[in-house]
Engineer: 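Quick one: the structure is below, questions incoming.
Letters A, B, ... mirror the listed sequences (proteins, then strands); counts begin at 1. Since this is a predicted model, take the numbers as computed values, not measurements.
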Number of protein chains: 2
Amino acid sequence: MEHSGMNVRNGPRTGPARERELLLLGLLRKREMHGYQLSEFMENHLGLFFDIKKATAYNLLGKMEKKGWVTSRKEQEGKRPPRKVFAITPEGEALFQELLRGALPEYRRPAFPGNVPMLFMDALPPEELHELLDLRREAIRERMVALETHLDHIAHPLFDHQLLVLSAEQKWVEDLLKGLGE
Amino acid sequence: MEHSGMNVRNGPRTGPARERELLLLGLLRKREMHGYQLSEFMENHLGLFFDIKKATAYNLLGKMEKKGWVTSRKEQEGKRPPRKVFAITPEGEALFQELLRGALPEYRRPAFPGNVPMLFMDALPPEELHELLDLRREAIRERMVALETHLDHIAHPLFDHQLLVLSAEQKWVEDLLKGLGE
DNA sequence: TTGTACATGTAATTGGTTACATGATTAC
DNA sequence: GTAATCATGTAACCAATTACATGTACAA
C-alpha cells in the first residue's frame, strides 16, 4: 500500500506527530515500559510540559510497532492484567537519532491560544478590563507557585524554561495593567 | 438534531474551537468582511501570532452562519467572483461578549512542542549538542529580527508579548550553552 | 501563455480526545 | 460493597489541514 513512486523518499520526518514519536522513543530508549506505565510516567513527570492522553499513547505505540520502531512482548505478573512491554528497535533508535537532530536546532513557534482575547481588550470598559486582567495575572502567579512547589527535578532544564516564560507573561500583564493606570 | 436532553445547558463554551470563533467574531465585529478578506487579514496582520488556514476559516464561517452568529449577503463587484460578506448578528455579539469575558482572565498553558527534543540532550555528544543548540539560538535570534523589522503595529500588545517570550527563550538557550562550557 | 491574485467551497485525510467496554485486584 | 488502581484497547467524534475543483481578471 505504499503510495506510488513519487515521495517514497520520505526524508526527515515533519508534521505534528513528530514530537510525540520522539517523546515515546526517547523514553523507551532509557528503559522498556508498558503502555500504562509510559502514560503514567508522562502524566506524573512531564505533565507540566506536554500533554498526552492514554488513548493517544496506546494508539501511537500500536502504530509504531507496525512500523517496526518498537517491539512488544507480553508479560504477566501474578494475576494482574497482562502487560504489553515495549522496547525500542534498532530502526527506532535510528529514527530517534534522526528526529532528535532534526528537531533540536529548529525553532517551532509556540502557540498561545489564550492570547486571542487580548486582541479585543478595547471592547471592554476600562474598569472591567482591569479586573479581568488582574484575574489573569493571578492565574499566572498561581501557576508559578504550583511549578515552584512541585519540585520534581527530573525534567530540569524544561522546568527553568517554564519559569522564564511564565515570568515573561507575568511582566507583560503587569505592564498592561500599569498602562491602564494601576 | 439537538442531542437529547442532558447538557442542553451548554454554559460558557469551552474546547479548542473557542478561540477561533472568538477571533472571527471579534474581527467581524469591527467591520463586515468576506471570507477571503478575513483570511488575508489574519495572514497579513495576525500571522505572527495565530495561524488559521483558508479552508478552516471558510468552514468555521459556514458553521457559525448555521448557528446564527453571523449572517451573509452576496456581493458582486464588476466581474470578479461573487463575494459572501459576513456580518455579526446580535446573538453573535452576545457570544463574543461571553467568550471574551470567559477567556480573558484564564491562563491557557501555551504549547511548546519544539521543546520535546530538549528532554534528550544527554543522548548527544557534547560538541554536537553545542553545535545544534547554537543553531537553535540563531533561529530564535532570526525570528526576533523578523519581528522587529515587521513594524505592523496593528496588534500592538501581542507584539510585545512575542518579544518578551522570545527573549526568555533566547536567554534559556544561552544559559544552556554556558552550562556546557562556552 | 504562464502565473498570480481573487473568490469560494468540498473531500479526503490526519491527529487527537472522549467515551465506551472489559475485567481483576486492592483499599476503604 | 463500592470505589480506585491496574491494564488494554476500540469506536465515535471533533478539529484542522491538505489537496482538489472551479473560474475570472490581470500582469509578466
Engineer: Measure CD/A/Glu43 against C1'/D/dC6 and give the value in whole Å, please.
Structural biologist: 13 Å
Engineer: Taking the side chain of A/Pro81 as heavy atoms from C-beta outward, which of C/dG23, C/dC6, D/dT8 is closest to it?
Structural biologist: C/dG23
Engineer: If you check the B/Lys84 side chain, which of D/dA7, C/dA7, C/dT8 turns out closest?
Structural biologist: C/dT8
Engineer: Starting at atom NZ of A/Lys53, determine the distance to atom P of D/dA7, rounded to an integer number of angstrom.
Structural biologist: 21 Å
Engineer: Would B/Arg31 and B/Phe41 count as a cation-pi pair here, with the cationic atom under 6.0 angstrom from the ring centre and within 45° of the axis?
Structural biologist: yes
Engineer: Going from CD on B/Glu43 to CG on B/Leu48, what distance comes out if it is rounded to the nearest 0.5 angstrom?
Structural biologist: 11.0 Å
Engineer: For A/Lys54 and D/dT8, is the shortest distance between a side-chain N/O and OP1 or OP2 below 4.0 Å?
Structural biologist: no
Engineer: Whole Å only: how far is the CD atom of A/Gln37 from the C1' atom of D/dT5?
Structural biologist: 15 Å
Engineer: Please report, rounded to the nearest Å, how far the C1' atom of D/dA16 is from the CZ atom of B/Arg18.
Structural biologist: 17 Å
Engineer: Can you get from B/Leu124 to B/Met121 by hopping between Ile, Leu, Val, Met, Phe, Trp and Tyr side chains that sit under 4.5 Å apart?
Structural biologist: yes
Engineer: State which of C/dT8, C/dT17, C/dT10 makes the closest approach to the side chain of B/Asn59.
Structural biologist: C/dT10
Engineer: Does B/Arg80 have a side-chain nitrogen or oxygen under 4.0 Å from the phosphate oxygens OP1 or OP2 of D/dA25?
Structural biologist: no
Engineer: Return no unless some side-chain N or O of A/Tyr36 is found under 4.0 Å from OP1 or OP2 of D/dT8.
Structural biologist: no
Engineer: Taking only the side-chain heavy atoms of A/Arg83 (C-beta and beyond), determine which of D/dT8, C/dT8, D/dA16 contains the nearest atom.
Structural biologist: D/dT8
Engineer: What pair of heavy atoms forms the shortest contact from A/Glu169 to B/Pro110, and how long is it?
Structural biologist: OE2-CG, 4.0 Å
Engineer: Separation of B/Ile52 atom CD1 from D/dT18 atom C1', in whole Å?
Structural biologist: 17 Å
Engineer: From the set D/dC6, C/dA7, D/dT8, return the single nucleotide nearest to any side-chain atom of A/Tyr58.
Structural biologist: D/dT8
Engineer: In whole angstrom, what separates A/Met33's CE from D/dC6's C1'?
Structural biologist: 16 Å
Engineer: How long is the line joining CG of B/Leu23 and C1' of D/dA15, in whole Å?
Structural biologist: 16 Å
Engineer: Using only side-chain N and O atoms of B/Arg20, determine if any of them is under 4.0 Å from OP1 or OP2 of D/dA16.
Structural biologist: yes
Engineer: Quickly work out the B/Leu60 CG to C/dG9 P distance and round it to whole Å.
Structural biologist: 13 Å
Engineer: Which class fits the ring pair B/His34 and B/Tyr36: parallel under 30°, tilted 30 to 60°, perpendicular over 60°?
Structural biologist: parallel
